[in-house]
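Only one structure is covered here, and it is reproduced in the block below.
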Amino acid sequence: MAELLLDVQGLETRFKTPEGIVHAVNGVSFTLSEGETLGVVGESGCGKSVTMLSCLRLIASPPGEIVAGKALFLGQDLLKMAPEEIRKVRGAKISMVFQDPMTSLNPVMSIGQQMAEPLLLHMGMNKEQARKRSIELLELVGIPNAADRLKDYPHQYSGGMRQRVMIAMGLSCIPQILIADEPTTALDVTIQAQIVELVKRLREELGMAIIWITHDLGVVANIAHRVAVMYGGYIIEEAPVKELYANPTHPYTLGLLGSLPKINASERTRLYSIEGMPPVLYQKPQACPFAPRCTFVQERCWKENPALVNITPTHRVACWADTTSGSERL
Amino acid sequence: MGTYIVRRLLLVPLLIFGVTIIIFGMLQFLGPIERSALYVRDFPKNDKQIQGLIKKYGLDRPIYEQYWRWLTGVKDPISGEREGGVLFGDFGYSRTASQPVINIIKNRFPNTLDLALWAVFPMLSVGIWLGVQAAVHQNGWIDQLARIFSIVGTSFPTFVFGLLVLIVFYANLQWFPPGKMSDWVSVLLYSGDFKQYTHLLSIDALLNGRIDVFLDAMRHMFLPILTLSYINWATFVRVTRSSMLETLRMDYVTTARAKGLKESVVINKHARPNAMISITTLAGMSVVGLLGGVVITETVFNYPGIGKAAADAAQQLDVVTILGFAVFNGLILILANLVVDIMYGIIDPRVRLA
């Protein structure tokens with residue numbers, strides 16, 4: 001079995017807002033092994049980005065605060081590291097690519113300057129070496145005329161090109177983990193496909209593990225080995241990708257998959273939608289956070305929050321109801 | 001960058017046209033006797049002289065003709081000398097000060113420039129530094145302090161603050177006198193031993209190697225500088241703080257942190273240059289304010305700058321002089337805007353390369 005890279009246990013993150021304390025992440029546990037790609041899916045505000053940002057302690061504090069849990073990277077707790085220690089991990093061993101390439105590059109610094117930063121910082125390169133390496137990296141992610149484009153500024157790149165730059169920058173120090181936080185959401189569909197293919201190719205060439213955060217189930221099916229579904233600050237279902245799509249078990253997962261348009265569906269079929277809105281959690285939920293929207297809701301769901309339990313050795317789910325008979329019931 | 005500057009430069013004549021049109025329009029509210037001060041020193045004494053002036057300088061001609069004459073001057077048919085002509089730096093005569101307006105500007109502007117030069121550094125550096133610190137330590141003690149300071153500074157008028165420090169540091173402590181220089185320095189200036197290279201006293205003192213003169217100049221300028229800095233700090237802290245807070249929330253700041261950069265690098269290299277874009281405008285306007293003469297501060301401290309001269313002229317209803325200063329101020333404003341635009345280009349590649 002491949003080596004365990006990241007072992008997150010019971011992570012809890014809160015935000016102090018004028019309206020009260022928002023419990024964004026409420027005890028999330030997951031693991032990531034070498035070379036593995038974990039897809040994290042869920043609606044906006046379900047805590048998927050906050051979970052990953054918390055692991056690297058990139059949550060703005062205040063208002064954010066990590067109140068409990070561990071994030072073991074190769075056995076060392078990222079949450080307890082000294083600031084200078086975690087800075088050696090960020091960008092070097094674990095790097096991130098963000099959602100909106102239009103805003104995640106600094107508009108007043110040239111691409112070359114921004115690309116060189118992690119190389120100078122973590123790889124001990126001098127400026128000339130960093131420049132050469134930056135050109136190689138830009139070529140690797142498919143930017144034409146890389147040498148000339150290094151002196152250009154972000155506004156001279158298109159959205160897809162900027163995301164390629166972000167990926168090149170994220171991979172520049174050959175990290176062991178790449179966290180991609182909805183990297184295709186802000187891009188149009190053809191560019192999305194290109195970016196996904198690019199990351200798959202780079203994964204094969206460089207062999208890093210990937211955490212791919214998205215709300216696009218199609219993309220996850222294409223790239224991930226294993227999928228974690230998040231809702232209300234919890235992982236509510238986790239399984240290998242094929243298993244999850246074949247045997248979705250949590251009512252929320254069923255709903256998500258049911259709401260996908262099917263290519264062979266008859267013309268008249270209405271697209272399924274999950275009624276209601278995802279919760280903003282001002283209290284840590286005592287009941288199942290999905291209960292108000294759940295079609296399988298039982299009395300117990302209003303009293304106790306189900307824990308994530310294994311239903312097969314690789315498939316975990318947090319639900320009191322028995323929905324194992326499959327998605328036909330919807 | 002070159003084409004960007006050229007484009008900005010092409011705007012300058014247009015702006016000058018706008019400024020002069022407005023000021024010329026204001027001049028039209030004056031009668032021919034007052035307007036004749038644009039060309040001649042003395043008040044006309046009788047009807048015959050008045051008629052003569054009106055005819056000679058075309059004060060009854062159509063307005064566009066008068067505008068052109070005001071801009072370019074009138075050639076005296078006998079001596080062949082040009083009289084008037086704003087574009088040639090002749091703003092007319094100040095009949096209350098008994099000298100050409102341009103001479104007042106020449107005499108007084110170096111003093112204002114001297115003051116501005118020494119006020120601008122503490123003003124910008126401390127104001128921006130404090131604003132950045134307040135934003136970085138949002139809701140910390142330095143932020144609370146900066147906010148209180150900013151509110152007090154905004155709501156505490158210059159003349160009150162100026163008088164207050166004058167009472168404490170001059171009347172009570174005798175540390176920092178008002179005016180521009182001590183008597184022995186003015187004696188020295190007239191003696192001819194002191195070469196006036198720039199007419200900026202503090203700079204000339206340094207060029208002459210006279211530390212004692214320099215210290216005397218500083219002693220006189222200290223309170224005005226303090227007053228000017230204090231009111232500007234209040235604004236700079238507020239604007240820098242909010243601009244910086246906004247920048248610190250940007251995604252690229254998170255990107256910079258995610259690269260493993262030190263917090264000081266994130267703030268100084270990634271966040272601050274972006275925050276500076278909005279601060280540049282304010283800085284430009286503040287410098288224009290300083291160069292145009294700070295009327296209240298110069299008056300309170302009896303500092304012989306251009307603001308004090310403007311206040312004196314206004315008290316004597318010398319409109320031609322005031323409007324002469326207005327043209328001069330307008331030109332400074334245009335120049336400062338040009339500098340700010342070029343600064344934008346340097347800071348922000350989106351402006352430079354657009």
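Order of the sequence lines fixes the chain letters, A, B, ..., with proteins taken first and strands second; residue numbering starts at 1 for each chain.
- A:Gln113 does not touch chain B: none of its heavy atoms, backbone or side chain, sits under 4.5 Å away.
- A distance of 11.0 Å separates CG of B:Leu228 from CG of B:Leu223, quoted to the nearest 0.5 Å.
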If you apply the rule side-chain hydrogen bond (donor to acceptor under 3.5 Å, both in side chains), what do you find for A:Thr13 with A:Ser54, and how did you get there? CA-CA 7 Å; A:Thr13 304; A:Ser54 298; 2.8 Å; yes
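- With no hydrogens or angles considered, a side-chain donor-acceptor pair links B:Thr112 and B:Glu298 at under 3.5 Å.
- Residues of residues 250-259 of chain B lying under 4.5 angstrom from chain A, judged on non-hydrogen atoms, are B:Asp251, B:Tyr252, B:Thr254, B:Thr255, B:Arg257, B:Ala258, B:Lys259 in numerical order.
- Judged by distance alone, the side chain of A:Arg14 and the main-chain N or O of A:Ile21 form no donor-acceptor pair under 3.5 Å.
- Interface check for chain B: of the options A:Lys88, A:Arg57, A:Glu84, A:Met169, the most heavy-atom pairs under 4.5 Å are formed by A:Met169.
- For A:Met102, no part sits under 4.5 Å from any heavy atom of chain B, backbone or side chain.
- Taking the ring centroids of B:Trp233 and B:Phe156, they lie at or beyond the 6.0 Å cut-off.
- With respect to chain B, the highest number of heavy-atom pairs below 4.5 Å among A:Glu117, A:Gln99, A:Met96 belongs to A:Glu117.
- With B:Arg241 contributing its side chain and B:Arg147 its backbone, the two residues share no donor-acceptor pair below 3.5 Å.
- Of the atoms belonging to B:Leu248, not a single heavy atom falls under 4.5 Å from chain A.
- Between chain B and the options A:Ser95, A:Pro107, A:Gly91, the largest number of non-hydrogen pairs under 4.5 Å is found for A:Pro107.
- Only the backbone of A:Leu105 has a heavy atom closer than 4.5 Å to any heavy atom of chain B.
- Here the side chain of A:Lys48 pairs a donor or acceptor atom with the backbone of A:Gly42 at under 3.5 angstrom.
- Side chain of A:Arg162 to main chain of A:Tyr157: a donor-acceptor pair is present (N/O by atom type, distance under 3.5 Å, no hydrogens or angles).
- For the pair B:Arg350 and A:Tyr153, the cation-pi criterion (under 6.0 Å, within 45° of the ring axis) is not fulfilled.
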